[in-house]
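Convention: sequence-line order gives letters A, B, ...; per-chain numbering from 1.
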2 protein chains.
Amino acid sequence: MYQDYKSKILAFYEKHRRMPVYKEIMDLVGFKSRNAVYKLIDKLVEEGIVSKDKQGKLIPNSLFGQVPMLGVVEAGIPTMAEETFTDTMSLDEFILGDKDKTYILEVKGDSMIEAHITEGDLVVVKRQDYAKEGEIVIAEVDGGWTMKYFKKDKSGRFYLLPANKKYAPIYPESDMRIAAVVKAVVRKF
Amino acid sequence: MYQDYKSKILAFYEKHRRMPVYKEIMDLVGFKSRNAVYKLIDKLVEEGIVSKDKQGKLIPNSLFGQVPMLGVVEAGIPTMAEETFTDTMSLDEFILGDKDKTYILEVKGDSMIEAHITEGDLVVVKRQDYAKEGEIVIAEVDGGWTMKYFKKDKSGRFYLLPANKKYAPIYPESDMRIAAVVKAVVRKF
DNA sequence: AGTATAAGTGAACACTTGTTCACCTGTCAA
DNA sequence: TTGACAGGTGAACAAGTGTTCACTTATACT
């Protein structure tokens, strides 16, 4: 019953992308007075799953809109009953550190297959014109665009290394311009 | 200047996980009357990037809090200037269809390496006790937990197939219990 | 039984909300 | 200069906000 309240409020948040006001919660859970909601919220605040701003408006806390992160696969999945999850996370925040200058690209081709990035995957890239050694970059070399490892050889020259033995490393002839670095890979089934 | 307003409102939304009220926008962009905000919002509504609910409160629209999805890698990255992105998406919504019964697990081991799921990846799983042929499942077989392909052989028997030649298919001796199916894979660099 | 504690009701309060109206700039064209 | 017009100001309004108080109902325990 009580857990029910939480999930109804969460559902509202998911649907409307904002927290409900007291009257809405009232209708949501079936109360007939806003004061009942007030007392309910008091408990949720004490539990730490929601907070109030200076004006009393609700703000969702960490556990809200987040996915419980259980252990590792081989340890098995804990049953719902115990559900002592190790952590919880928002995928959005996890994947996109800073939403600024972040874009998503679809992957074509198999040149990064050995890095386990395959055709149809989505890569989350951050647009920047520099990169660290070893990062996967989106670069423009000799007129074409590619996604490759950004490497440096013994003599200090930079080159692009595909993660596929079928293809050879690319030593830029004229110029090489880094457009973005790959921050994450997402694959959906 | 005008574009500035949008990004400031967006920043507020990102930070507080809710849309600002008119007075907050007023302080945000430097207006001295809420009516100025009212007129500004009117334009944003007309542009379709925000809406109002029945009570006048702002609700963020599709372009808000979302990541622009550009084309495919080989086509290169369009410049910021043009930015005629093909689409835009919220990773949260994209990855987690229904947040209910969805969990995240960290991958250990290399038994799914040929499916390009490698150690350290995060798999987004949905807890359910059935699966379709060919899906990747988290299952309990003969007392242990594994992540494998869920397959059916010619005679109609189900078995678990690792995506790694080093390991043999698993034909469940006593019982096989499916705990969850893998919906997505996320890898962060 | 009785009684203490939790949970819900309903009305009232001060305050904030989005909205409207009339008014005041600037800027640009004729 | 004149007029038009988009963009901003400031005050006023009804409606909705979170909160408080006093009161009632349900639940559990000795």
Side-chain angles (χ1 to χ4, degrees), chain A residues 1-66 80-81 83 90, chain B residues 1-66 81 83 90 100:
Chain A
M1 193 58 168
Y2 174 58
Q3 202 69 20
D4 229 35
Y5 295 162
K6 281 196 228 173
S7 60
K8 274 177 181 168
I9 296 175
L10 172 60
F12 186 101
Y13 178 71
E14 300 280 320
K15 187 176 175 190
H16 296 84
R17 277 219 193 73
R18 66 171 171 86
M19 289 303 265
V21 297
Y22 282 33
K23 191 185 177 184
E24 288 166 332
I25 299 180
M26 197 177 108
D27 298 338
L28 224 49
V29 307
F31 286 160
K32 284 180 183 167
S33 87
R34 279 181 299 161
N35 187 8
V37 177
Y38 183 80
K39 290 176 182 172
L40 170 65
I41 296 296
D42 255 13
K43 271 184 235 148
L44 297 188
V45 170
E46 216 160 316
E47 277 187 54
I49 72 171
V50 296
S51 302
K52 296 188 190 183
D53 64 10
K54 198 171 38 182
Q55 196 205 127
K57 257 67 175 169
L58 297 182
I59 53 184
N61 258 13
S62 55
L63 288 178
F64 245 75
Q66 308 229 343
M80 291 296 283
E83 187 146 321
S90 151
Chain B
M1 193 59 168
Y2 174 58
Q3 203 69 19
D4 229 35
Y5 296 161
K6 281 196 227 172
S7 60
K8 274 177 181 167
I9 295 176
L10 173 58
F12 186 101
Y13 179 71
E14 300 280 321
K15 187 176 175 190
H16 296 83
R17 279 222 194 71
R18 66 170 173 86
M19 289 302 266
V21 297
Y22 283 33
K23 191 183 178 185
E24 287 166 331
I25 299 180
M26 198 176 106
D27 298 339
L28 224 49
V29 306
F31 286 160
K32 285 181 184 166
S33 87
R34 279 180 297 162
N35 189 9
V37 177
Y38 184 80
K39 290 175 181 171
L40 169 65
I41 295 296
D42 255 13
K43 271 184 236 146
L44 297 188
V45 169
E46 216 160 315
E47 276 189 51
I49 73 170
V50 296
S51 302
K52 297 187 188 183
D53 64 10
K54 196 170 39 182
Q55 198 204 125
K57 257 68 176 168
L58 297 183
I59 55 184
N61 258 11
S62 55
L63 289 179
F64 247 73
Q66 310 228 341
E83 186 146 321
S90 150
D100 227 32

Anything under 3.5 Å between a protein N or O and an N or O of nucleotides 24-26 of chain D, put it in a table, one pair a line.
none

Take the protein atom NZ of A:K54 and the nucleotide atom P of C:dT17, then report the distance between them rounded to whole Å.
11 Å

Test: salt bridge (charged side-chain N to carboxylate O under 4.0 Å, His left out). Region: residues 30-41 of chain A. Which pairs qualify, not counting sequence neighbours?
none

For residues A:L28 and A:V37, determine if any side-chain heavy atom of one lies less than 4.5 Å from a side-chain heavy atom of the other.
no

Estimated bend of the helix from C:dA1-D:dT30 to C:dA30-D:dT1 (axis per five terminal pairs, rounded to 10 degrees)
20°

Find the distance between CD1 (B:I9) and CD1 (B:I41) and round it off to the nearest 0.5 Å.
4.5 Å

Shortest non-hydrogen contact from A:L58 to A:K52?
CD2-CG, 4.1 Å

How close do B:E24 and B:F12 get, counting heavy atoms only, and between which atoms?
OE1-CZ, 3.6 Å

By ring pair (Phe, Tyr, Trp, His ring centres under 6.0 Å) - contacts of B:Y22 (at least two apart):
none

Could you tell me the separation between the CD atom of A:E46 and the NZ atom of A:K43, rounded to the nearest 0.5 Å?
9.5 Å

Go through it in stages, so that I can follow the logic: the residues are A:F31 and A:I25, the test is side-chain contact (heavy atoms from CB on, under 4.5 Å), and I'd like the CA-CA distance, side-chain angles, deciding distance and then a yes or no.
CA-CA 8 Å; A:F31 286 160; A:I25 299 180; 5.8 Å; no

CE of B:M19 to OG of B:S51: how many Å apart, nearest 0.5 Å?
9.0 Å

Send over the distance from B:I25 CD1 to D:dG8 C1', rounded to a whole Å.
16 Å

Mark yes or no for whether A:D53, through its side chain, and A:G56, through its backbone, hold a donor-acceptor pair below 3.5 Å.
yes

Where along nucleotides 10-19 of chain D does protein come under 4.0 Å, by heavy atom, of base (B) or sugar-phosphate alone (S), with - for untouched nucleotides?
B-B---SBBB

Distance from B:R18 atom CZ to A:Y13 atom OH, nearest 0.5 Å?
11.0 Å

What nitrogen or oxygen pairs link the protein and nucleotides 4-7 of chain D at under 3.5 Å?
unit_1, atom_1, unit_2, atom_2, d
D:dG7, OP2, B:K43, NZ, 3.3

